[in-house]
Amino acid sequence: MNTPFEPYRIKMVEPIRTTTRHERQQALQQVHYNLFRLPAELVMIDLLTDSGTGAMSAEQWAALMRGDESYAGSASWQRLEATARHITGMPYILPAHQGRAAEKVLCQALLQPGQVVLSNTLFDTTRAHIEASGASGVDLPCLEAADPALEAPFKGNMDLSALEEQLRTLGDRVGLVIVTVTNNSGGGQPVSLDNLRAVAEIARQYRVPFFIDACRFAENAYFIQRRAPGQSGRSVADIAREMFDLADGFTFSAKKDGLVNIGGLLGLRDPELMERACAALILNEGFTSYGGLAGRDLEAMSVGLREVLDPDYLRYRIESTGFLAERLHAAGVPVLRPSGGHAVYIDARAFLPHLPPGHFPGQSLAAELYLEGGVRSCEIGTVMFGEHARWDLVRLALPRRVYTVSHLLYVAETVAEVYARRSSLRGYRITEAPQMLRHFSAHFEPIERVAAVRPA
Ligand code: F0G
């Protein structure tokens, strides 16, 4: 069967206001065409991010009531710690209010100024925390990742020869190797178990700690089960455990595969690093048994971590992303292949070949999708990364357990409508922007087409 089956039914609904094209046109002008500035109420389908935007289950809502709000030694923390240890096998687990807080604690506890961190692709907050510690980050994605149209099963992999080369030349300046699963900034592509094994082995040879950015660990493990030879008979939980067994630690944003709206974790094996991390955690996030979260948040995460490994949930999750990607592909829309786990990425340079990167094709497409159907997406390209952008993508990130197949069909129709009149889309220029992270707040304006000069 081709229709993804949502393995849940709806118990409670949240109305979506239907907006008119005129309202959306006005809203776009008011927010200077920056979709981050839109009131969410004026968005009909919100695919800005899959982070913290999921729906909790009845079990999670019930668990909230069990939340133990004790400052120290909370029973909720003990339950979460036991669940996280069971899934990851890491002896030391610390809570944090979200992924970037875990990254901050790790960077403060581990890195020295002048050190280098090697990755398949660092997420932007991870890179920012590395740089805030005086270190720098280097991305070493595998070669297949460079071609958006190439069909390959594990385009999230790290380039192993580049990793060895960097370790040989930089020697003990390398402070950390971290692999992001799935590779969000590289198109939500999975990393293979073989690649993780090889990275772990190389890092061990050079005595460099190897960590996993585990935001989407369950989606990655599901891809391994489906795509890697010899893995189909194993449970996703078993594969996930092997991923974690290879690492010296992990950072985790529970806003993704923790199935909660807020929360994060840091997992460690080294007792000395744990001691330094505890000190950094207490300073930044709070005591080691709550880490910036309420007891009820810890409960919900503990239930979410178990639910995310449910085979029915994961099949629906990955199939529904693939379903949207296939619809777009069939309509001729250039999408990054194969489809990622949490999002479909449209190749805006191929979609709008008449717009050079300096006219922000991703921004143009994202604004138009909002105008056409009230669909909010996210530019990942020249606006976000400036001239360092490798590509201009528009990410349609799917919140977990929120939208139905008919919502996805609506999104596909919206994109197809815009695709049919793609040559009419205009480029944009930035009229105002802050120094850092400009995509969140920059002002844009459309570049008016230069009218053809009429012969006298
Ligand atoms: N690592 C990865 C791979 C991420 O995708 C994110 C967040 C983080 C770390 C930071 O986690 O938001 O809990 O602090 N990604 C979101 C996104 C924001 O839209 O892709 P956080």
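The figures that follow rest on heavy atoms only: side chains count, while hydrogens, waters and symmetry mates do not. Not measured: the values here are computed from a predicted model. Both ligands and their constituent atoms are indexed starting at 1 by order of listing.
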Report the part of R100 in contact with ligand 1, treating N, CA, C, O as backbone and CB onward as side chain, heavy atoms under 4.0 Å; options are side chain, backbone, both, neither.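 Answer for R100: both.
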Is there a nitrogen or oxygen of [X] sitting under 3.5 Å from a nitrogen or oxygen of ligand 1?
| X | value |
| --- | --- |
| D50 | no |
| R395 | yes |
| T182 | no |

Should the pair [X]-[Y] be classified as a salt bridge under the 4.0 Å nitrogen-to-oxygen rule?
| X | Y | answer |
| --- | --- | --- |
| D50 | R216 | yes |
| E219 | R315 | no |
| D238 | R241 | no |
| E81 | R85 | yes |

Using modelled atom types only, decide if a donor and an acceptor are shared between the side chain of [X] and the backbone of [Y] within a distance under 3.5 Å.
| X | Y | result |
| --- | --- | --- |
| H97 | E285 | no |
| T180 | I212 | no |
| Q60 | A300 | yes |
| S70 | A72 | no |
| R276 | A109 | yes |

Within a distance under 4.0 Å of any heavy atom of [X], pick out the atoms of ligand 1 and give their elements.
| X | value |
| --- | --- |
| K255 | 13 (O) |
| T180 | 3 (C) |
| G99 | 11 (O), 13 (O), 14 (O), 21 (P) |
| R216 | 3 (C), 4 (C), 5 (O), 20 (O) |
| E103 | 1 (N), 8 (C), 9 (C), 10 (C) |

Please state which option from S253, G258, C215, A214 has its nearest heavy atom closest to atom 2 (C) of ligand 1.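 Going through S253, G258, C215, A214 one by one, C215 has the nearest heavy atom to atom 2 (C) of ligand 1.
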To which protein heavy atom is [atom] closest, and what is the distance rounded to 0.1 Å?
| atom | result |
| --- | --- |
| atom 11 (O) of ligand 1 | K256 NZ, 3.2 Å |
| atom 10 (C) of ligand 1 | T125 OG1, 3.6 Å |
| atom 18 (C) of ligand 1 | F123 CZ, 3.9 Å |
| atom 1 (N) of ligand 1 | D213 OD2, 2.7 Å |
| atom 5 (O) of ligand 1 | N184 ND2, 2.8 Å |
| atom 21 (P) of ligand 1 | Q98 NE2, 3.3 Å |

Is ligand 1 less than 4.0 angstrom away from at least one heavy atom of H342? no
For H443 and H32, take the angle between the two ring planes, folded into 0 to 90°, and tell me which bin it lands in: parallel under 30, tilted 30 to 60, perpendicular over 60.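 The rings of H443 and H32 lie parallel, inter-plane angle below 30°.
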Centroid-to-centroid, F440 to F36, below 6.0 Å? yes
